[in-house]
Every structure is written in C-alpha cells, then in structure tokens.
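Right, one structure below, let's go through it.
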Amino acid sequence: MKTVYLDNNATTRVAPDVVAAMLPFFTEQFGNASSMHEFGSSVSGAIKAARQRLQALIGAEHDHEVVFTSGGTESDNAAILSALEATPERTEIITSAVEHPAILTLAAHLEKTRGIRVHVIPVDGRGRLDRDAYRAALSPRVAIASIMWANNETGTLFPVTELAEEAKAVGALFHTDAVQAVGKVPIDLKSTAIDMLSLSGHKLHGPKGIGALYVKRGVRFRSQVKGGQQERGRRGGTENTPGIVGLGKAADLALAHMADEQTRVKAMRDRLEKGLLQRIPNTFVTGDPDNRLPNTLNIACEYIEGEAILLMLNRAGIAASSGSACTSGSLEPSHVLRAMAIPYTAAHGATRFSFSRENTEDDVDHVIEAMPPIIERLRELSPFWSGAGEAPKTFSPVYA
Ligand SMILES: *Cc1c(COP(=O)(O)O)cnc(C)c1O
C-alpha cells in the first residue's frame with residue numbers, strides 16, 4: 001500500500017545526508033570537544049562549523065549567538081527563565097493563547113509557583129494576534145514577551161519583527177518560538193530587534209533531541225543548565241556532537257531548499273486545499289489564509305470527529321494530525337482552535353496536513369481521492385449531519 005506522510009509539523013524524516021554527516025561522530029570522532037588533544041580539537045572544529053551553518057540559516061550576526069540545547073522545549077524554557085532571572089525587578093511576561101505547550105505550561109507554572117503575572121494575548125478567528133491587547137500589556141514591568149513566529153497547528157505567521165520593536169520600546173526582551181518557521185521562511189535576525197529565538201532539529205530533517213537558542217549579542221543570559229563551561233557557560237554538559245553536526249547539516253540543506261519550500265511545497269499544499277474544499281461540503285480552512293507557512297493546511301470538516309478521520313486516513317496509508325500531537329487523545333479540541341473560537345461542531349473535525357520537501361504530487365492525488373469518501377461515510381454516522389441530532393448551527397466559511 002502507498003503511504004503518504006503529511007505530518008511534518010510533528011516531526012520530519014532525518015535527511016540521509018544528515019545521517020551520513022553524523023555517523024563518524026559515533027565512531028572515529030568520538031572525542032570530547034573540551035579535551036586538549038587531537039580527538040578533542042577535531043570535534044570542536046566540527047561543532048564550530050555547525051554553529052556557523054545555523055548562523056547562516058537564521059541570519060545571525062555572529063556564530064557565538066547560537067547556543068546548542070536539547071531541542072525546542074529546552075530553548076523555550078531557557079529563554080523565559082533566563083529573562084526573569086536577569087531582570088528580577090520585572091515580574092511579568094507576555095505570551096499568546098496559541099503557543100506550544102513548551103511555553104504555555106511553563107508560563108502557567110511560573111504564575112502558580114512564583115507569582116509571575118502572565119499576559120496571555122488572545123487571537124482572532126484566523127489566529128492573528130490582538131495587537132492592541134499586546135501593546136496594552138507591554139510595560140516596564142515586563143521581563144520578556146514570547147510570541148511564536150509560526151503556529152504549529154494552523155501555520156499562521158506572526159509579525160514578530162514588529163512585536164520585537166514594540167517590546168524593545170519598554171525595555172522588555174523579545175523571544176520567538178520559531179521551531180516551525182526555521183527552514184520554511186527566510187529569517188534574517190541581524191536586521192531585527194529579536195533578542196532570542198528557539199529552533200529544533202527534528203522539525204527540519206535533523207535529529208531529535210537537539211536544538212538551539214539564538215541569543216543576540218549583548219543580551220544578558222543566565223544559564224539554566226549549570227555545569228561545565230560548554231557553550232561559553234550558557235549551557236553545561238558535554239556537547240551532543242553527533243546531534244550538533246546533524247543539525248548543522250540540516251540547516252545547510254534547509255537553506256539550499258528554501259526556495260523549493262516557497263514554490264513547489266506551497267503549490268502542493270494549495271492544490272490539496274483546493275481539491276478538498278471542492279470535493280467536501282461544509283469544510284473550511286482554519287488559520288490565516290493570507291499569511292501562513294507554505295507547508296501547512298488545517299482543514300475543518302463540520303459534524304465529525306478528528307480522531308475518526310485520522311484513524312480512517314491511517315487505514316488509507318495517510319499520516320496526518322488533528323492538531324497538536326500533545327492534545328490528540330483527548331476529546332477537547334486543541335487549545336489553538338479554541339482560542340480562535342472555531343465552533344465545536346467544526347473544531348472537532350479539524351485535520352492538519354503538513355508537507356515537507358520530500359512530498360510529491362502523487363501524495364496530493366492520493367489524499368484528494370481518499371479523503372472525500374471517508375468524510376462522507378463518517379457524516380452518515382453523525383447524528384448532527386444526518387439530522388437526527390440537534391439542528392446544525394450555521395457557520396461562516398471564513399472567520400474574520
Ligand atoms: C515541536 C515544537 C516545539 C518543541 O520542540 P522539541 O524539539 O520537540 O522539544 C516547540 N514549539 C513548537 C512551535 C513546535 O512545533
């Protein structure tokens with residue numbers, strides 16, 4: 001059976017060139033980068049090269065601005081905890097209602113255990129940030145504002161360069177969780193006021209368990225992993241050399257394929273969107289159609305369960321997601337769709353298709369053929385669709 005992987009916002013396949021680049025660092029090049037002999041110095045050279053490759057991908061001014069971490073979650077945690085520690089007189093933080101749990105769980109924890117005031121900025125029906133609420137929350141009491149570059153469930157992009165300028169005006173730091181944006185949209189940090197940025201290897205065809213935090217030169221940073229002087233004292237622990245080298249290679253490949261992402265990948269996504277909307281009634285796109293990641297399609301089908309759709313797609317060899325992997329398994333619609341006030345009748349039937357450069361036109365054809373009959377069958381079973389339940393509520397196909 002043909003299998004189609006369209007869950008690249010959850011994780012990507014490690015590129016074969018990345019695996020090849022990593023292998024020597026499990027075998028001959030096993031040295032510790034801190035050692036004062038040849039085994040160490042060849043490894044520290046490879047780490048420096050990887051740092052420079054990441055610098056190039058995100059347009060950092062200096063390679064020292066890149067701190068390697070264990071992934072997106074650690075980078076997000078480190079950014080916020082560091083900011084609170086560096087400016088203890090500032091006791092508030094700002095974030096959005098649609099952030100990844102790596103931010104929202106930490107924010108809730110800080111509120112509960114340390115009395116930190118958390119401003120959770122709402123979004124509109126397309127997932128766009130309430131800019132007035134953001135401006136109103138900014139004050140000299142704010143240590144850091146953390147707003148994602150792109151949402152993992154809908155692909156909606158946030159105006160982070162402008163938000164960073166506004167934060168700077170009140171002396172607050174600005175961090176962005178760019179885990180979904182890095183490698184998919186061009187990023188040039190040196191021309192922005194963004195102080196910190198999180199990225200993760202496994203979302204861009206690199207390995208899992210490796211990521212980085214960009215820390216702009218001059219930003220006061222407080223290490224959250226105490227130990228040796230690795231990463232210039234900003235993150236203790238012997239470097240994950242194979243992971244770092246793999247992430248460097250993945251960054252190189254992402255930069256080389258950036259144009260592909262904006263053209264071929266986007267065209268496949270758009271064709272899938274059009275094909276499904278044409279063939280399936282009472283279906284609409286969630287997120288901001290005019291300002292989205294090129295690879296992400298989140299489509300809501302009214303009056304059915306996302307879990308049932310996923311199971312039946314899986315039987316047809318298609319891997320997709322009903323939103324954030326962390327929320328699937330529960331019957332509540334994702335916090336992202338709830339924050340967008342998508343009606344429950346539709347949010348339950350939301351399915352996310354996320355492409356990568358490895359997908360093909362055949363993949364798109366397969367989903368366009370397989371999905372409409374699945375939805376039709378599920379709707380026949382749905383008491384609401386068949387008219388046996390409560391009368392269907394009307395909806396507007398685009399949420400303003
Ligand atoms: C996947 C993801 C993370 C977490 O990254 P890990 O490397 O898996 O810890 C954080 N933020 C966003 C937006 C993500 O998509």
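All residue numbers in this chain count up from 1 along the given sequence. Numbering of ligands and ligand atoms starts at 1, following listing order.
At a 3.5 angstrom cut-off on N or O pairs, Gln180 counts as close to ligand 1. Annotation: Thr73 places an N or O atom under 3.5 Å from an N or O atom of ligand 1; distance criterion only.
Side-chain atoms of Arg379 come within 3.5 Å of backbone atoms of Glu302 as a donor-acceptor pair (strictly under, hydrogens ignored). For the pair Ser354 (side chain) and Asn9 (backbone), a donor-acceptor distance under 3.5 Å is present. Formation of a donor-acceptor pair under 3.5 Å by the Ser334 side chain with backbone atoms of Leu337 is found in this model. Between the side chain of Tyr344 and the backbone N or O of Ala346, no donor-acceptor pair lies under 3.5 Å.
Counting heavy atoms closer than 4.0 Å to ligand 1, residue Lys203 contributes side-chain atoms (C-beta onward) but none from N, CA, C or O.
Every atom of ligand 1 with a heavy atom of His202 under 4.0 Å away is listed here by number and element: 6 (P), 7 (O), 8 (O). Residue Gly71 has at least one heavy-atom neighbour below 4.0 Å for each of these atoms of ligand 1: 7 (O). Taking a cut-off of under 4.0 Å to the non-hydrogen atoms of Asn152, the atoms of ligand 1 that pass are 13 (C), 15 (O).
For atom 7 (O) of ligand 1, the closest non-hydrogen atom on the protein side is Ser200 OG, 2.6 Å. Scanning all protein heavy atoms for the shortest distance to atom 3 (C) of ligand 1 gives His100 NE2, 3.5 Å. When hydrogens are left out, the protein atom nearest atom 11 (N) of ligand 1 is Asp177 OD2, 2.6 Å; that is the closest non-hydrogen contact. Atom 6 (P) of ligand 1 has its closest protein heavy atom at Gly72 N, 3.5 Å.
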| said: As a quick check of understanding, evaluate side chain to side chain donor-acceptor pair (under 3.5 Å) for Asn151 and Thr156, giving each step before the final call. | reply: CA-CA 5 Å; Asn151 184 267; Thr156 300; over 6 Å; no
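Phe25 has its ring centre no less than 6.0 Å from the ring centre of Phe30.
The only option from Arg51, Arg217, Lys48 that meets the salt bridge (charged side-chain N to carboxylate O under 4.0 Å, His left out) definition with Asp63 turns out to be Lys48.
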